[in-house]
**Student:** 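Quick one: the structure is below, and I'll ask about it shortly.
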Amino acid sequence: MSEMNLTVVGDSCAEGRGGTVRADGSFAGFVVQIAEVLGISGGTLNLGSFGATTQDVVDRQLPRALANPAPLTGVIVGGNDLVTSYDRARFQRNLRHIHTSLASPGRLVFTTNWPDIPDKLPGLEESFRAVLRARFAEANDFLDTLVDEFDLVCLDLVNAPICADPVMWCADGMHPSPAGHRLIGTALADLIDEVRAERVTQPR
């Protein structure tokens, strides 16, 4: 088993879908951008996959992440739960289990909250758009509790002005564009750097 410097679990946004497609067919998404900005070379495991839900992470990705621990670990998942067969109890149980499993001394776990994806999804009836907005708001409230409980590094996409810029998003409304991935990756890397510096001077 090779030593990992960065491990990420999650959905197609974590996978990098919407980002630049590389020669091997993979996506240069925000995880690649984080590694570049932070100077991480090698030892990167991105388990993000298209359509993955929190249950998929628990069942298939989490065991691999725990077998390949890294001091920097990302969790980007939940959007598919929220827009498909949403079960609040299952969603919250899974998300808590993921973070409980990954919480470890010396490990920095990063995530993002969910911006107003329902506003960007094309072709929705307004009544269902309102339902989705309520789900996303509820999910963000729950994530806030996990951020405090597990001392997560969370990039606030809800209030980020960049998220209102159409250039940030693909036409499907779900995935960041290449520019969006670069901006999110750079913002996450800067936030990670900032938190690391704070924890060195003020260890918890």
**Student:** Pro63 and Val57: which non-hydrogen atoms are nearest, and at how many Å?
**Tutor:**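 Here Pro63 and Val57 meet closest at CD-O, 4.3 Å.
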**Student:** Identify every side-chain donor-acceptor pair in residues 18-34 under 3.5 Å, counting partners at least two apart or on other chains, and give the distances.
**Tutor:**
| from | atom 1 | to | atom 2 | distance (Å) |
| --- | --- | --- | --- | --- |
| Arg22 | NE | Ser26 | OG | 3.0 |
| Arg22 | NH2 | Ser26 | OG | 3.1 |
| Asp24 | OD1 | Ser26 | N | 2.9 |
| Asp24 | OD1 | Ser26 | OG | 2.6 |
| Asp24 | OD2 | Ser26 | OG | 3.4 |
| Gln33 | NE2 | Thr186 | OG1 | 3.0 |

**Student:** Tell me whether Trp114 is reachable from Phe50 by hopping between hydrophobic residues (I, L, V, M, F, W, Y) whose side-chain heavy atoms are closer than 4.5 Å.
**Tutor:**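 Unlinked, Phe50 and Trp114 end up in two clusters.
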**Student:** Compare all side-chain heavy atoms of Ser49 with those of Gln61 and state whether any distance is below 4.5 angstrom.
**Tutor:**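 Result yes, sub-4.5 Å side-chain heavy-atom pair found.
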**Student:** Run the side chain to side chain donor-acceptor pair (under 3.5 Å) test against Asp116 and tell me which residues pass, sequence neighbours left out.
**Tutor:**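 In terms of side chain to side chain donor-acceptor pair (under 3.5 Å), with neighbours along the sequence ignored, Asp116 is linked to Arg133.
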**Student:** Please give me the minimum heavy-atom distance between Ala52 and Gly10, naming the atom from each residue.
**Tutor:**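 So the minimum-distance heavy-atom pair works out to CB-O, 3.5 Å.
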**Student:** Give the intermediate values and the outcome of side chain to side chain contact (heavy atoms under 4.5 Å, CB included) for residues Leu72 and Arg196.
**Tutor:** CA-CA 10 Å; Leu72 181 60; Arg196 278 175 165 173; 3.9 Å; yes
**Student:** What pairs with Glu126 under side chain to side chain donor-acceptor pair (under 3.5 Å), at least two apart in sequence or on another chain?
**Tutor:**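 Glu126: side chain to side chain donor-acceptor pair (under 3.5 Å) contacts with Arg129.
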**Student:** Given side chain to side chain contact (heavy atoms under 4.5 Å, CB included), test Leu47 with Arg60 step by step and report yes or no.
**Tutor:** CA-CA 9 Å; Leu47 298 169; Arg60 293 193 280 273; over 6 Å; no
**Student:** Let me see the working for Arg199 and Leu108 under side chain to side chain contact (heavy atoms under 4.5 Å, CB included), right down to the final yes or no.
**Tutor:** CA-CA 10 Å; Arg199 292 183 183 181; Leu108 188 152; 4.0 Å; yes
**Student:** Does Leu191 reach the side chain of Phe110, with side-chain heavy atoms less than 4.5 Å apart?
**Tutor:**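 Leu191 does not reach Phe110 side chain to side chain.
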**Student:** When the side chains of residues 36-45 are checked against the rest of the protein, which donor-acceptor pairs come out under 3.5 Å, sequence neighbours left out?
**Tutor:**
none

**Student:** How long is the gap from NE2 on His99 to CZ on Phe150, to the nearest 0.5 Å?
**Tutor:**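 Rounded to the nearest 0.5 Å, the NE2-CZ separation comes out at 7.5 Å.
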**Student:** Give a yes-or-no answer on whether the side chains of Thr54 and Asp81 include a donor-acceptor pair shorter than 3.5 Å.
**Tutor:**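 The answer is yes; a qualifying pair exists.
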**Student:** Are any of the side-chain heavy atoms of Leu95 and Leu146 separated by less than 4.5 Å?
**Tutor:**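 Answer yes - side chains close enough.
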**Student:** Decide whether Thr145 and Asp148 meet the rule of one side-chain donor and one side-chain acceptor closer than 3.5 Å.
**Tutor:**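 No, Asp148 and Thr145 have no side-chain donor paired with an acceptor closer than 3.5 Å.
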**Student:** Please round to the nearest 0.5 Å and tell me the distance separating atom OG1 of Thr53 and atom CG of Asn94.
**Tutor:**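 These two atoms lie 7.0 Å from each other.
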**Student:** Let me confirm one number: the CD1-CD distance from Ile76 to Glu15, rounded to the nearest 0.5 Å.
**Tutor:**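 Going from the CD1 atom of Ile76 to the CD atom of Glu15 covers 13.5 Å.
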**Student:** Does a side-chain heavy-atom distance below 4.5 Å link His97 with Leu62?
**Tutor:**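 Yes; the side chains approach each other to less than 4.5 Å.
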**Student:** Within the structure provided, determine whether Ile117 and Pro115 are in side-chain contact (heavy-atom separation under 4.5 Å).
**Tutor:**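 Yes, side chains in contact.
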**Student:** Hey, could you give me the OG1/CG distance between Thr112 and Asn140, rounded to the nearest 0.5 Å?
**Tutor:**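 Between Thr112 OG1 and Asn140 CG, I get 8.5 Å after rounding to 0.5 Å.
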**Student:** Can you run down the salt bridge (Lys or Arg N to Asp or Glu O under 4.0 Å) pairs that involve residues 85-98, sequence neighbours left out, and say none if there aren't any?
**Tutor:**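 Qualifying pairs: Arg88-Glu138, Arg96-Glu149.
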**Student:** Assess whether side chain to side chain contact (heavy atoms under 4.5 Å, CB included) is satisfied between Leu121 and Leu132, documenting all intermediate values.
**Tutor:** CA-CA 10 Å; Leu121 294 176; Leu132 289 183; 3.9 Å; yes
**Student:** Looking at every heavy atom in both Ala65 and Val9, which two are closest together, and how far apart are they?
**Tutor:**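 Result for this residue pair: CB-CG1, 3.7 Å.
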**Student:** Can any side-chain N or O of Arg17 pair as donor or acceptor with the backbone N or O of Ser12 at less than 3.5 Å?
**Tutor:**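 Flag not set: sc Arg17 to bb Ser12 has no pair under 3.5 Å.
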**Student:** In Å, rounded to the nearest 0.5 Å, how long is the span from OG1 of Thr73 to CZ of Arg107?
**Tutor:**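 The OG1 atom of Thr73 sits 4.5 Å away from the CZ atom of Arg107.
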**Student:** Are Asn46 and Leu6 packed together at the side-chain level, in the sense that at least one heavy-atom pair is separated by less than 4.5 angstrom?
**Tutor:**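 Of all side-chain heavy-atom pairs linking Leu6 with Asn46, none is under 4.5 Å.
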**Student:** Between atom CG of Leu188 and atom SG of Cys154, what is the distance when rounded to the nearest 0.5 Å?
**Tutor:**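 Here the rounded value is 8.5 Å.
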**Student:** With a cut-off of 3.5 Å and sequence neighbours excluded, list every side-chain donor-acceptor pair involving residues 155-174.
**Tutor:**
| from | atom 1 | to | atom 2 | distance (Å) |
| --- | --- | --- | --- | --- |
| Asp156 | OD1 | Asn113 | ND2 | 2.9 |
| Asp156 | OD1 | Val158 | N | 3.1 |
| Asp156 | OD1 | Asn159 | N | 3.3 |
| Asp156 | OD2 | Asn159 | ND2 | 2.8 |
| Asp165 | OD1 | Val167 | N | 3.0 |
| Trp169 | NE1 | Cys163 | O | 2.9 |
| Asp172 | OD1 | Met174 | N | 2.9 |
| Asp172 | OD1 | His175 | N | 3.1 |
| Asp172 | OD2 | His175 | ND1 | 2.6 |

**Student:** What's the shortest heavy-atom distance between Gly79 and Asp11, and which atoms?
**Tutor:**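 Gly79 and Asp11 have their closest heavy atoms at N-OD2, 4.0 Å.
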**Student:** Is there a side-chain contact between Val109 and Val75 in this structure, where contact means two heavy atoms from C-beta onward sitting under 4.5 Å apart?
**Tutor:**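 Yes, close enough: below the 4.5 Å cut-off.
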**Student:** Determine whether a donor-acceptor pair (N or O, by modelled atom type, separation under 3.5 Å) exists between the side chain of Asp193 and the backbone of Ala189.
**Tutor:**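 Looks like no, no N/O pair under 3.5 Å.
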